[in-house]
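Keep in mind the model is a prediction, meaning the values are calculated, not measured. Only heavy atoms go into these numbers, but all of them, side chains included; no hydrogens, no water, no symmetry mates. Proteins come first, then strands; the chains are lettered A, B, ... in the order of their sequence lines, and each starts at number 1.
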There are 2 protein chains.
Amino acid sequence: MRATDMTPQDKSNDSTEQKIFDAAHELFVQKGLDGAKMQEIADRAGINKALLHYYYRTKDKLYEMVAKSIIHQGIPIIQKTIESDLPLEEKIVKFVDFYIDLIRRNPFIPLFIISEMNKHPEQFMEKILPARLPRPEIFLKQVEDAVAAGTIRPINPQHLLLNIISLCVFPFVARPIMQMVLGMNKPEADQFLKQRKTEVTEFIFAALRPR
Amino acid sequence: MRATDMTPQDKSNDSTEQKIFDAAHELFVQKGLDGAKMQEIADRAGINKALLHYYYRTKDKLYEMVAKSIIHQGIPIIQKTIESDLPLEEKIVKFVDFYIDLIRRNPFIPLFIISEMNKHPEQFMEKILPARLPRPEIFLKQVEDAVAAGTIRPINPQHLLLNIISLCVFPFVARPIMQMVLGMNKPEADQFLKQRKTEVTEFIFAALRPR
DNA sequence: TATGTTTTTAACCATTTGGTTAAAAAAAAT
DNA sequence: ATTTTTTTTAACCAAATGGTTAAAAACATA
């Protein structure tokens with residue numbers, strides 16, 4: 001059984017193993033490895049705590065499987081887009097489109113990654129992060145070529161990639177405090193974040209327009 | 001005694017109270033409220049655990065004082081710049097300059113805020129976040145006026161503010177994974193992050209240039 | 001020097017935590 | 001129908017955790 005076989009899903013007709021996984025997924029996302037407790041996971045799954053150990057052996061193993069599943073929900077979309085042969089402009093549009101959609105539906109993904117990556121760096125890097133990460137070489141080359149051809153303003157490709165990801169991710173990660181600073185209630189903030197896709201795309205292309 | 005009276009500082013000739021605060025600051029930053037343990041804090045401070053309670057009464061109170069101190073290290077610089085009467089262009093340059101400097105020296109500030117804000121939302125919002133947050137009204141008005149005057153490309157002021165902050169903060173928050181995706185070692189990543197200030201400023205002004 | 005106050009220590013406490021165990025119950029195989 | 005295997009239960013365990021207590025030590029004052 002691999003991490004990709006066990007993902008969060010609909011709750012009806014669940015096996016005990018799936019019930020545990022779903023409960024753990026929710027609690028690890030909300031409270032992280034240290035904050036989520038085994039008894040709490042058992043309560044949420046509606047099972048006896050000893051079953052956690054029967055099916056997953058230790059808290060760490062359960063956590064690692066959940067964490068891998070979360071990573072697996074986020075990384076392939078980046079990979080598919082960044083590594084594709086689409087023309088640069090189309091690639092940027094699609095990346096922003098897909099990535100913001102993904103994060104709007106699953107804001108826990110970047111939140112979890114950032115938090116746990118910094119709280120448990122060794123465990124994260126050595127046990128959770130997949131061996132194969134998205135490779136940006138095609139994208140970087142495309143940016144270089146576009147700069148050389150004069151179709152975009154001169155810019156360091158790595159900084160451009162980082163800018164694109166920053167603009168997509170950060171607003172969702174910092175949502176609570178940004179909402180307060182901008183004086184928005186929840187529906188207003190929802191509406192505001194709905195606009196991110198077009199705002200980010202426009203901002204990036206404006207920034208890339210040759211002089 | 002207020003949170004502003006107790007900040008992390010040089011370790012020589014410390015009072016016991018300061019030693020505790022410094023140790024707690026380090027450990028809460030590294031591991032968060034749930035991950036940092038009182039005995040661990042006492043060990044790091046080189047004191048007997050009972051003193052934690054003598055000086056700070058409970059873990060929660062110690063945490064809240066440390067958290068307030070961390071917030072206090074980050075927010076005033078935003079406030080001072082955003083709320084100043086500087087012309088818009090100069091305000092953006094100074095904001096990016098000061099803010100990236102602050103985060104480069106203290107990457108724990110946004111990391112702590114994002115992580116703890118999402119792990120303990122009620123405690124964060126009700127006990128830690130100051131009543132007075134930076135007010136963006138002057139900045140937003142300046143952007144509107146510049147758009148109306150045609151000195152910058154039409155853009156929603158709130159999105160612009162969010163874009164600026166995203167570009168400044170996110171690379172430091174996501175450093176470990178971005179470093180791996182971009183295939184950099186630590187010195188290379190340090191050098192790369194050194195360039196953020198000019199890259200971000202250029203990117204923003206390019207994005208704002210009227211058509 | 002004696003007294004009062006503050007700080008520190010070491011032992012202790014009740015609860016929580018991740019994990020174990022053996023028996024009972026349920027499911028599967030013969 | 002019986003036996004074997006798997007799943008579940010409830011009780012238990014040792015260590016960890018945040019916190020308490022009373023006495024000793026250190027400091028300050030008269």
Side-chain angles (χ1 to χ4, degrees), chain A residues 1 5-6 9 11-68 116 119-120 122-124 127-128, chain B residues 1 5-6 9 11-68 116 119-120 122-124 127-128:
Chain A
M1 188 178 74
D5 291 343
M6 188 65 62
Q9 31 188 340
K11 299 246 173 123
S12 42
N13 300 321
D14 279 0
S15 63
T16 299
E17 191 171 340
Q18 185 67 51
K19 280 180 188 163
I20 294 171
F21 188 90
D22 292 346
H25 188 278
E26 283 174 27
L27 284 164
F28 283 137
V29 159
Q30 283 171 26
K31 304 187 177 189
L33 172 59
D34 300 315
K37 309 301 180 183
M38 294 295 259
Q39 184 60 60
E40 196 181 11
I41 291 168
D43 291 341
R44 186 166 287 200
I47 51 107
N48 184 294
K49 180 164 72 78
L51 293 181
L52 300 182
H53 302 280
Y54 180 76
Y55 283 99
Y56 292 95
R57 246 163 290 144
T58 66
K59 182 179 183 178
D60 266 352
K61 283 188 163 48
L62 177 59
Y63 170 79
E64 278 158 25
M65 290 191 65
V66 168
K68 275 176 175 152
E116 297 302 306
K119 289 284 187 312
H120 306 277
E122 290 183 10
Q123 192 171 15
F124 190 86
K127 302 269 184 69
I128 298 170
Chain B
M1 188 176 75
D5 291 345
M6 189 64 64
Q9 32 188 342
K11 298 240 176 131
S12 42
N13 300 320
D14 280 359
S15 65
T16 299
E17 190 171 341
Q18 185 68 50
K19 280 181 190 160
I20 294 171
F21 189 90
D22 292 346
H25 189 277
E26 282 174 30
L27 284 164
F28 283 138
V29 159
Q30 283 171 28
K31 303 185 178 191
L33 172 59
D34 299 315
K37 310 299 178 184
M38 294 294 260
Q39 184 61 58
E40 195 180 14
I41 292 168
D43 291 342
R44 185 165 288 201
I47 52 108
N48 185 294
K49 180 163 73 76
L51 292 182
L52 301 180
H53 302 278
Y54 180 75
Y55 284 99
Y56 291 95
R57 245 162 293 144
T58 65
K59 182 178 184 181
D60 266 353
K61 283 189 164 42
L62 177 58
Y63 168 79
E64 279 159 24
M65 291 192 64
V66 168
K68 275 175 176 156
E116 297 302 302
K119 289 281 186 319
H120 307 279
E122 289 183 10
Q123 192 172 14
F124 189 87
K127 303 264 183 73
I128 298 171

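Atom-to-atom distance recorded for A:M38:CE and A:L27:CG is 11.5 Å, nearest 0.5 angstrom. To the nearest 0.5 Å, the span separating NE2 on B:H120 from CD on B:E64 amounts to 11.0 Å.
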Measure all distances between protein nitrogen or oxygen atoms and nitrogen or oxygen atoms of nucleotides 9-12 of chain C, and list the pairs falling under 3.5 Å.
{"residue": "C:dA10", "atom": "N7", "partner": "B:N48", "partner atom": "ND2", "Å": "3.2"}

Can you check nucleotides 23-27 of chain D for protein contacts, nitrogen or oxygen pairs under 3.5 Å, and list what you find?
none

Which atoms of nucleotides 14-16 of chain D (N or O only) lie under 3.5 Å from a protein N or O atom, and what are those distances?
none

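Rounded to an integer number of Å, the gap from CD of A:Q39 to P of C:dT17 is 9 Å. Atoms OH (B:Y63) and C1' (D:dG19) sit 20 Å apart, rounded to a whole Å. If you measure from atom CG of A:L52 to atom P of C:dG18, you get 10 Å, rounded to the nearest angstrom. Between the CG atom of A:D34 and the P atom of C:dG18 there is a distance of 10 Å, given to the nearest Å. We find that CD of A:E40 is positioned 19 Å from P of C:dT15, with the value rounded to whole Å. Remark: P of C:dT8 and OH of B:Y56 are 12 Å apart, rounded to the nearest angstrom. Straight-line distance from the NE2 atom of A:H53 to the C1' atom of C:dT17: 9 Å, rounded to whole Å. Note: NZ (B:K59) to P (D:dT20) measures 15 Å, nearest angstrom.
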field: B:L52/B:I47 under side-chain contact (heavy atoms from CB on, under 4.5 Å): CA gap, chis, key distance, verdict
entry: CA-CA 9 Å; B:L52 301 180; B:I47 52 108; 3.9 Å; yes
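The side chain of A:T58 has C:dG19 as its nearest neighbour among C:dT8, D:dG19, C:dG19. The nucleotide whose nearest atom lies closest to any side-chain atom of A:Y54 is, among D:dT8, C:dT8, C:dG19, D:dT8.
Evaluation of the side chain to side chain donor-acceptor pair (under 3.5 Å) rule for A:N48 yields no partner, not counting sequence neighbours. Evaluation of the salt bridge (charged side-chain N to carboxylate O under 4.0 Å, His left out) rule for B:K31 yields B:E40 as partners, not counting sequence neighbours. In this structure A:Y63 satisfies the ring-ring contact (aromatic ring centres under 6.0 Å, His included) test together with A:F28, sequence neighbours excluded.
You'll find the side chain of A:D60 reaches within 4.5 Å of the side chain of A:L33, heavy atoms only. Taking 4.5 Å as the limit, every side-chain heavy atom of A:K59 sits out of range of all side-chain heavy atoms of A:I41.
Judged by distance alone, the side chain of A:Y56 and the main-chain N or O of A:E17 form a donor-acceptor pair under 3.5 Å.
Only one option out of A:H25, A:K19, A:Q18 pairs with A:D22 in a side-chain hydrogen bond (donor to acceptor under 3.5 Å, both in side chains); it is A:Q18.
Phosphate contact (OP1/OP2 of D:dT8, side-chain N/O of A:T16, threshold under 4.0 Å): present.
The residues A:E116 and B:K119 are annotated as salt-bridged, a charged nitrogen and a carboxylate oxygen being separated by less than 4.0 angstrom.
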